[in-house]
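First comes the structure, then the notes that go with it.
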2 protein chains.
Amino acid sequence: MAGMIMKGAEVIAAMKEKILQDVTELKTQGIEPVINIIRVGARPDDLAYERGARKRMESVGIRMDVTELPEDISQKDFADAFRSVNDNPDVHGIMLFRPLPPTLDEEEIAGMINPIKDVDCMSPVNIAKVFGGDSDGHAPCTAEAVMEMLDFYGIELSGKRVTVVGRSMVVGKPLAMMLLKKNATVTMCHTRTKDLPGACRQAEVIAAAAGRAGMITADMVSEGAVVADVGINVNEAGKLCGDVDFSGVSKKAAAISPVPGGVGGVTTSVLAAHVVRAAQILAK
Amino acid sequence: MAGMIMKGAEVIAAMKEKILQDVTELKTQGIEPVINIIRVGARPDDLAYERGARKRMESVGIRMDVTELPEDISQKDFADAFRSVNDNPDVHGIMLFRPLPPTLDEEEIAGMINPIKDVDCMSPVNIAKVFGGDSDGHAPCTAEAVMEMLDFYGIELSGKRVTVVGRSMVVGKPLAMMLLKKNATVTMCHTRTKDLPGACRQAEVIAAAAGRAGMITADMVSEGAVVADVGINVNEAGKLCGDVDFSGVSKKAAAISPVPGGVGGVTTSVLAAHVVRAAQILAK
């Protein structure tokens, strides 16, 4: 059986429609939604993300500004620069690239950011909300992108056995909490899990977010399972690939998301949706 | 096979020794550790907990004060009263009984409490730390009491399949995060889990925190599993009992905690340990 391919593009198109409507309404009220990306230094990964984000924001009418700071900035100057963006009433969403250089203290910034503007969930207020199942705050964009994809493709989660592979604070853990909120029975696996194949085989839905190319192989997936691949890796051949061995697993899965072309691109759509929501809340 | 009984009293005795040492050292520095319990109204449950807490605090030389507030207090007066306790340099730990009357806003208080004094984890700062696996903060006392018990009885968790039944913010969820931090593979179950017996049978360790008398029966437990019972219920006969059918399960489990006499009493020892740690941090 060859399963359904869960393509990011379709999710992005559906989200775009809704975001465009909201942006139009905001602009009618004289509000141009603005995201400010704060970047310390110029890591290639950050620059690549920035380009993708800019394209996405432009496509929905959100203005994107970048605050670029030198890598050797002092904590005081960094905090001052951050505060001025945070206090700027024209900025609705703020995203800070992490990790920061080791000389800078992320915790001070996380404690300072206005939770409403914190569109990628660095504030303890938003982190605590995700943990508590309170959808009032902003969840980490990648974790939410998985939920958007499963929702778009009509994947039922309530009462389902879902295995999450990976326990990071940007994907695995918040995703587990969001799945739990949808009444899934969630098993959290990681590098120290003894029988990962067994934990995956018993799952009706698998979310792979471990960051290891092709680690989820066909023998680990039950016939008819749904597989969301959140990995972004470069394989030995230098090709972009996910955590899932797509060619093998796609023959057994009822639905599977590819890499590239899957969850990754949805992430910036979620970011855009968060900026719009922040602008709506701040307008009240 | 009749398994080991994990008794709270032994854990409490071991913790007491350590706490007494720390309190003695604090007193040498002229510091008397103080917990202030803030109670709105006089619910019988709260009063019962208060009596238990007072006994425990007295046994280790911690002073316990109670701030009693009328049930019809305004949010402003409540916040003012809370702030004065929070700002009092002689108070090291604060515990607020919850839920509050519906006229009061818990979120304002949670955002205001000094995270160091927040000994039962209501601040988003501490909640986010538990979620993130950062043991710097104060975890919810009951969840931590389970970890203390498993640790005291030498229950290995790394790589083990652990099933947590219940997903509350005071036990199930934080406990799952603390187990994950110990490298367990954690399955989170709840009322909407379809095959709870199956999820329990595959577990090497079960933590029952669902709040339903005797719901974990012998047929749901594998031979040789470890069972921590976090339930505190009153059964049909009016007797205090846990979530686990002790008489049946104890015949199969390698180790089991009873109710009463199990995890429950350890909770106030954890609270005392948090007050001591808060006093140590505030003394720096």
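Throughout, protein chains are lettered first and strands after them, A, B, ... in sequence-line order, and every chain is numbered starting at 1. All of these numbers come straight from a predicted model, not from anything done at the bench.
- In this structure, CD in A/Gln202 is found 10.0 Å from CG in B/Asp195, a value given to the nearest 0.5 Å.
- For B/Lys173 against A/Phe131, the heavy-atom pair with the smallest separation is NZ-O, 2.7 Å.
- Environment of CZ in A/Arg212: sparse, with no more than 12 heavy atoms of neighbouring residues, nucleotides or ligands closer than 6.0 Å.
- In this structure, chain A has a heavy atom under 4.5 Å from the side chain of B/Met169, while its backbone stays farther away.
- Of all heavy-atom pairs spanning A/Pro124 and B/Val125, the tightest one is CB-CA, 3.9 Å.
- Contact annotation for B/Ala176: neither backbone nor side-chain heavy atoms come within less than 4.5 Å of a heavy atom of chain A.
- Atom OG1 of B/Thr191 sits about 6.5 Å away from atom CG of A/Asn183, to the nearest 0.5 Å.
- For CD of B/Glu107, the number of neighbouring non-hydrogen atoms (other residues, nucleotides, ligands) closer than 6.0 Å is 12 at most.
- Counting non-hydrogen atoms of other residues, nucleotides and ligands closer than 6.0 Å to NZ of A/Lys160 gives a total above 12.
- Per-residue heavy-atom pair counts under 4.5 Å with chain B were compared for A/Cys189, A/Ala184, A/Gly111, A/Ala199, and the maximum is reached by A/Ala184.
- Remark: of the listed residues B/Thr187, B/Thr163, B/Thr193, B/Thr193 is the sole one forming a side chain to side chain donor-acceptor pair (under 3.5 Å) with A/Thr185.
- Nearest heavy-atom pair across A/Arg192 and B/Ser158 is NH2-OG, 3.4 Å.
- The local environment of NZ in B/Lys182 is sparse, with at most 12 non-hydrogen atoms from other residues, nucleotides or ligands closer than 6.0 Å.
- The two residues B/Leu180 and A/Arg167 come nearest to each other via the heavy atoms O-NH1, 2.7 Å.
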